[in-house]
Protein chains: 2
Amino acid sequence: MPRSVSRTPAITDVAKLAGVSVPTVSRVLTGSVPVSTERRERVLRAIQELGYRPNGAARALIKGHQSVIAVLAGATTRYGYALTIQGIEEAARLAGYIVMITVIEADDPDTVTKTIDLALANPVAGVIVLKFDPAGIAAVRAMPPGVPVVAVAGSRGSGVPHVVLDDTTAAMTATDYLLQLGHRTVHHIAVPLAGRRSGRSAGWRKALERASAEIPQLMEAGWDPHQAYEIGLTLAERDDVTAVLCGNDELAIGLLRALHEKGRRVPEEISVVGFDGHPLGALWSPALTTVRQDFVDVGRRAFREVVAMIGKEQPPQNSSGTPQLVIRESSGPPPETRRR
Amino acid sequence: MPRSVSRTPAITDVAKLAGVSVPTVSRVLTGSVPVSTERRERVLRAIQELGYRPNGAARALIKGHQSVIAVLAGATTRYGYALTIQGIEEAARLAGYIVMITVIEADDPDTVTKTIDLALANPVAGVIVLKFDPAGIAAVRAMPPGVPVVAVAGSRGSGVPHVVLDDTTAAMTATDYLLQLGHRTVHHIAVPLAGRRSGRSAGWRKALERASAEIPQLMEAGWDPHQAYEIGLTLAERDDVTAVLCGNDELAIGLLRALHEKGRRVPEEISVVGFDGHPLGALWSPALTTVRQDFVDVGRRAFREVVAMIGKEQPPQNSSGTPQLVIRESSGPPPETRRR
DNA sequence: CACACGGATGATAACGTTTTCATGCGATGC
DNA sequence: GCATCGCATGAAAACGTTATCATCCGTGTG
C-alpha cells in the first residue's frame with residue numbers, strides 16, 4: 001500500500017517497495033550503470049505498481065543542462081510562422097528536445113520584457129526568436145544577456161546570430177522575373193515591417209534599381225488579406241499598374257479577389273506574384289505565381305544553430321535556403337507586349 | 001567580480017554580493033514577506049549586476065506546482081490545429097503558464113509512447129491532446145495515468161475529459177441548410193478519421209437520415225487539398241451531384257478548383273460548403289460558404305479545464321461553442337429549382 | 001595464499017530554491 | 001519596569017533526483 005494517497009510517489013517510495021537503495025532505482029532509470037537483473041526487475045515492478053514517474057524538475061535541477069527550447073514569435077498561425085515552428089519542433093523532437101511556444105503580442109518594451117521573463121522563468125536551454133515582425137525585433141532587443149539566442153529573419157541582422165531565409169534574393173528573383181516579362185515596373189504590396197529593413201521590400205527595390213526601372217510608392221498592408229483586398233480595389237482603377245509583387249500569398253489572394261471583382265483579368269491585364277508558396281495558392285483561379293520559401297528548413301537550421309551555441313560548438317555552416325520561383329497562372333507579359 | 005566566469009550566478013552569489021542571507025534574496029524575489037527598503041535595494045542591485053535569473057527547475061522542484069502545459073497534436077500548421085493552439089497559448093500566457101508543443105507523428109503505440117515520454121520527462125502541470133485525428137486518439141490512449149489530461153475533439157469521447165467543438169451539430173446545420181435549399185441529397189468529402197466516429201461525418205449522416213434523404217457513399221480524402229481536387233475531377237463528370245459538404249475549407253477549395261477546371265459552375269450547377277471558416281475562403285471566387293468553428297475559444301476552454309483539473313477544482317461549465325453557418329457565394333438552390 | 005582488481009551496491013553530497021523555525025530587537029501594554 | 005508582541009532576519013530543512021565516493025564481495029594473478 002502506498003504510504004500516502006495524496007502524495008505522488010517519489011523515487012524513495014520505489015526504492016522502499018523494491019527493497020533497494022535510491023541510487024539503484026536511479027541507475028535503473030537512467031541505465032548509466034549496470035544493475036543486476038534481479039534487482040532491476042524488482043525496481044521495474046515497483047515502478048509499475050506505484051505508477052511512478054520521475055520528477056522532471058528535480059532532474060533538470062541536478063543535470064544543469066536543460067532540454068527545452070523556447071520559441072518567441074509574434075504569431076503562430078500565419079503560414080510562414082507556423083511552418084518555421086514546425087521545422088523547429090521536428091528537429092528538436094528528433095534530438096530529444098522539447099519546444100515551448102510564447103507569443104509576443106505587443107512590441108512595447110515593458111510588455112515584451114514581462115512576457116520574456118515568464119518564458120525564461122522555466123529552465124530553458126536556448127531561445128529562438130522569429131524576427132519576422134516588429135514584435136520579434138522587440139523580443140531580440142529585450143533578451144537578457146547570457147541566454148543562448150538565435151533569430152530567424154528575412155535578412156541578416158546584428159546583435160545575435162541570425163538564421164536567414166534569404167528574402168532579399170527571393171524578392172529580387174521575383175521582381176527580375178516580372179521585369180524580364182516586359183513589365184515597365186513592378187508595384188509592391190508589403191507586409192508589416194516593410195519600411196526599411198524588410199528583406200522582401202529591399203530586394204524588390206534593389207532589383208528595380210538595378211534595372212533602372214521606376215520605383216513606385218510602396219503600399220503597406222497589414223497581415224490581413226482584406227487589407228490587400230482594399231488596396232486592390234483602388235489599384236484596379238489604375239491602368240499604369242501591370243505587375244504587383246505581394247509581401248505574401250495571403251495578400252496576393254486578397255488582391256486577386258479585388259481585381260476579379262473589378263473585372264480586371266489576371267494575368268492578361270495585371271500580373272500578380274505572391275510570396276511563400278502557400279499550398280492554397282496553387283488552387284486559386286488563376287493559380288498564383290509565388291516565391292516558395294523553405295520555412296521548415298530555416299526552422300531546422302535555427303534549431304541546429306542554437307544547439308551549437310549551447311554546446312559552444314562551432315555552428316554548422318549557415319547555408320541560407322534558396323528561394324524557388326514557382327511560375328503558375330497569375331503572371332505573364334504585360335498588355336502592351338501581348339498586343340504586338 | 002563574479003566568482004566563476006563559467007557558472008551562471010545562483011542565489012548564493014547574489015546574497016554574498018548584497019551582504020544578506022539567501023532567504024532574504026528569495027523574499028525580495030517572491031515578495032512574500034516584507035524586506036527593509038535598504039536591503040531590498042542592495043539585493044536588486046546585486047541581481048542587476050550579476051545578471052541573475054532564478055533557476056526555474058529549482059523553483060518548480062520545491063513548489064511542487066509546475067507551470068507548463070504540454071500540448072500533444074498530430075500537426076501544428078493546419079488551420080484548426082493552429083488556431084486551437086493559439087487559443088491555448090493565449091489563455092495560458094495570461095494565466096502565467098507556458099505551453100510546450102509536441103507533435104505526434106505516427107499513430108503506432110510504440111512511437112506514440114516514446115514521444116509522450118519525451119514530453120513528460122519535463123515538469124508539466126497538465127496535458128492537452130488535440131484529438132482531431134488518429135494520432136490524437138493514439139495519444140489519448142497512450143497517456144500514462146496520474147497526469148491531468150484534457151482532450152480537444154470534434155465530438156464527445158470517454159476516458160478523459162473532453163472539450164468539444166460541436167462538429168456534429170455544425171455538420172447537421174450545414175447539411176440541413178443545403179437540403180432546405182432544395183437539394184435532393186448532399187455528398188460529403190471527409191477529412192481523415194471520418195470513418196465512424198468523426199463528428200462531422202456523423203452530423204452529415206444524421207441530418208440526411210432525419211430528412212429521409214438518400215445517403216451517398218462517403219468520400220474520404222486526406223488532409224491535402226489536392227486529394228479533394230482529384231476527387232473533384234471525377235465528381236465533375238457526375239450530374240447526380242448537386243451539393244457537396246467538405247470536411248474542411250482546404251478540401252473545399254481543392255474541390256472548387258477541380259470543378260472550375262472542368263467548367264462546372266458553382267453554385268449554379270453544384271453547391272460547395274466548407275468547414276472551419278478559413279479566412280482565405282472568403283476571398284475565393286466564388287466565396288466559400290462554410291461553417292465557422294471557434295477554435296481559439298475551444299483552446300481557451302481546454303486550458304481552463306486542465307487548470308481546473310490540476311487544482312482539483314470544479315471544472316467550468318463546459319459550454320460547447322456554437323458553430324456558425326456563413327453563407328457566401330458557393331452555395332445555392334439546385335439546378336432543378338432554378339429551371340422552374 | 002596474499003594481493004590487486006573490477007563490478008555491483010549503498011551512503012552521502014550536491015543541485016538552487018522556498019519554507020519553516022528560531023532569534024534578536026524595538027515597541028507596546030499592564 | 002517587566003512581560004509580551006510583532007517584525008525583520010538568518011539558520012537550517014526540505015523538495016526529488018543524479019553524481020561521487022567508499023565499501024563489499026568475488027575472481028584472477030603472482
Side-chain angles (χ1 to χ4, degrees), chain A residues 2-4 6-44 46-47 50-67 117 120-125 146, chain B residues 2-4 6-43 46-47 50-68 117 120-125 146:
Chain A
R3 324 164 5 164
S4 163
S6 60
R7 211 167 55 84
T8 64
I11 197 170
T12 50
D13 303 314
V14 175
K16 208 165 285 178
L17 181 60
V20 299
S21 72
V22 169
T24 300
V25 178
S26 172
R27 286 189 264 261
V28 170
L29 289 171
T30 60
S32 57
V33 172
V35 174
S36 70
T37 324
E38 183 235 344
R39 276 159 197 262
R40 147 167 288 115
E41 282 188 358
R42 285 219 308 271
V43 169
L44 291 176
I47 287 175
L50 291 169
Y52 165 76
R53 176 159 288 282
N55 180 319
R59 263 189 176 167
L61 173 59
I62 191 157
K63 299 202 105 165
H65 120 88
Q66 328 288 17
S67 58
D117 278 349
L120 264 45
N122 296 83
V124 301
Chain B
R3 326 164 2 164
S4 162
S6 61
R7 211 168 54 85
T8 64
I11 197 170
T12 49
D13 303 315
V14 176
K16 209 165 286 177
L17 182 61
V20 300
S21 72
V22 168
T24 299
V25 178
S26 172
R27 287 189 264 259
V28 169
L29 289 170
T30 60
S32 57
V33 171
V35 174
S36 71
T37 324
E38 184 236 344
R39 276 158 197 264
R40 147 169 288 114
E41 281 188 0
R42 285 220 308 271
V43 168
I47 287 175
L50 265 54
Y52 166 75
R53 175 162 290 283
N55 180 320
R59 263 191 177 164
L61 173 58
I62 190 154
K63 298 203 107 165
H65 122 88
Q66 326 287 19
S67 58
V68 175
D117 279 349
L120 264 46
N122 297 83
V124 301

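In what follows, chains carry the letters A, B, and so on, assigned in the order in which the sequence lines appear, proteins first and then strands, with residues in each chain numbered from 1. Side chains included, hydrogens not; waters and symmetry mates left out as well; all remaining heavy atoms used.
D:dT17 atom C1' lies 13 Å from atom CG of A:D13, rounded to whole Å. At whole-Å resolution of the value, CD1 in B:I47 and C1' in C:dT17 are 13 Å apart. Separating the NZ atom of A:K63 from the C1' atom of C:dA14 is a distance of 15 Å, rounded to the nearest angstrom. Atom C1' of nucleotide D:dC15 and atom CG of B:N55 are separated by 13 Å, given to the nearest angstrom. Computed from coordinates, the A:I11 CD1 to D:dG16 P distance equals 11 Å when rounded to whole Å. The distance from atom CZ of A:R42 to atom P of C:dA8 is 16 Å, rounded to the nearest whole Å. Taking atom CG of B:L61 as the reference point, atom P of D:dC15 lies 9 Å away to the nearest angstrom. For the pair A:R27 CZ and D:dT18 C1', the interatomic distance rounds to 10 Å; values are reported in whole Å.
Across all their heavy atoms, A:R42 and A:G19 have their closest contact at NH2-O, 3.5 Å. Taking both residues in full, the closest heavy atoms of A:D13 and A:T8 are given as OD2-O, 4.4 Å, listed atom of the first, atom of the second, then distance. The minimum heavy-atom distance between A:A58 and A:N55, with the atom names listed, is N-OD1, 3.1 Å. The two residues A:N122 and B:S67 have their closest heavy-atom pair at ND2-OG, 3.8 Å.
Nucleic acid contact class of A:V35 (heavy atoms, under 4.0 Å, all strands): sugar-phosphate only. Among the heavy atoms of the strands lying under 4.0 Å from A:T30 are primed sugar atoms or P, OP1, OP2 only; no base atom is included.
The side chain of A:A58 has D:dT17 as its nearest neighbour among D:dT17, D:dA19, D:dT9. Of all nucleotides listed (C:dT18, D:dA19, D:dG16), C:dT18 comes nearest to the side chain of B:L29. Here D:dG16 is the nucleotide among C:dA11, C:dT17, D:dG16 with the atom lying nearest to any side-chain atom of A:A10. Taking the side chain of B:P34 as heavy atoms from C-beta on, and the options D:dA14, D:dT18, D:dA8, the nearest nucleotide is D:dA8. Taking every side-chain heavy atom of B:P23 into account, D:dG10 is the closest of D:dG10, C:dT12, D:dT17.
Side-chain nitrogen and oxygen atoms of A:T24 include at least one within less than 4.0 Å of the OP1 or OP2 phosphate oxygen of C:dG10. Applying the 4.0 Å criterion to OP1 and OP2 of C:dT18, one finds that B:R59 has a side-chain N or O inside that range. Between C:dT9 and A:S36, a contact under 4.0 Å exists linking OP1 or OP2 to a side-chain N or O. Contact annotation: B:R39 side-chain N/O to D:dG10 OP1/OP2 distance is under 4.0 Å.
Place A:G19 and B:R53 on DNA chain C by their nearest nucleotides, and A:G19 ends up nearer the 5' end.
Screening A:V25, A:L17, A:L29, A:V35 against A:V43 for a side chain to side chain contact (heavy atoms under 4.5 Å, CB included) leaves a single residue, A:V25.
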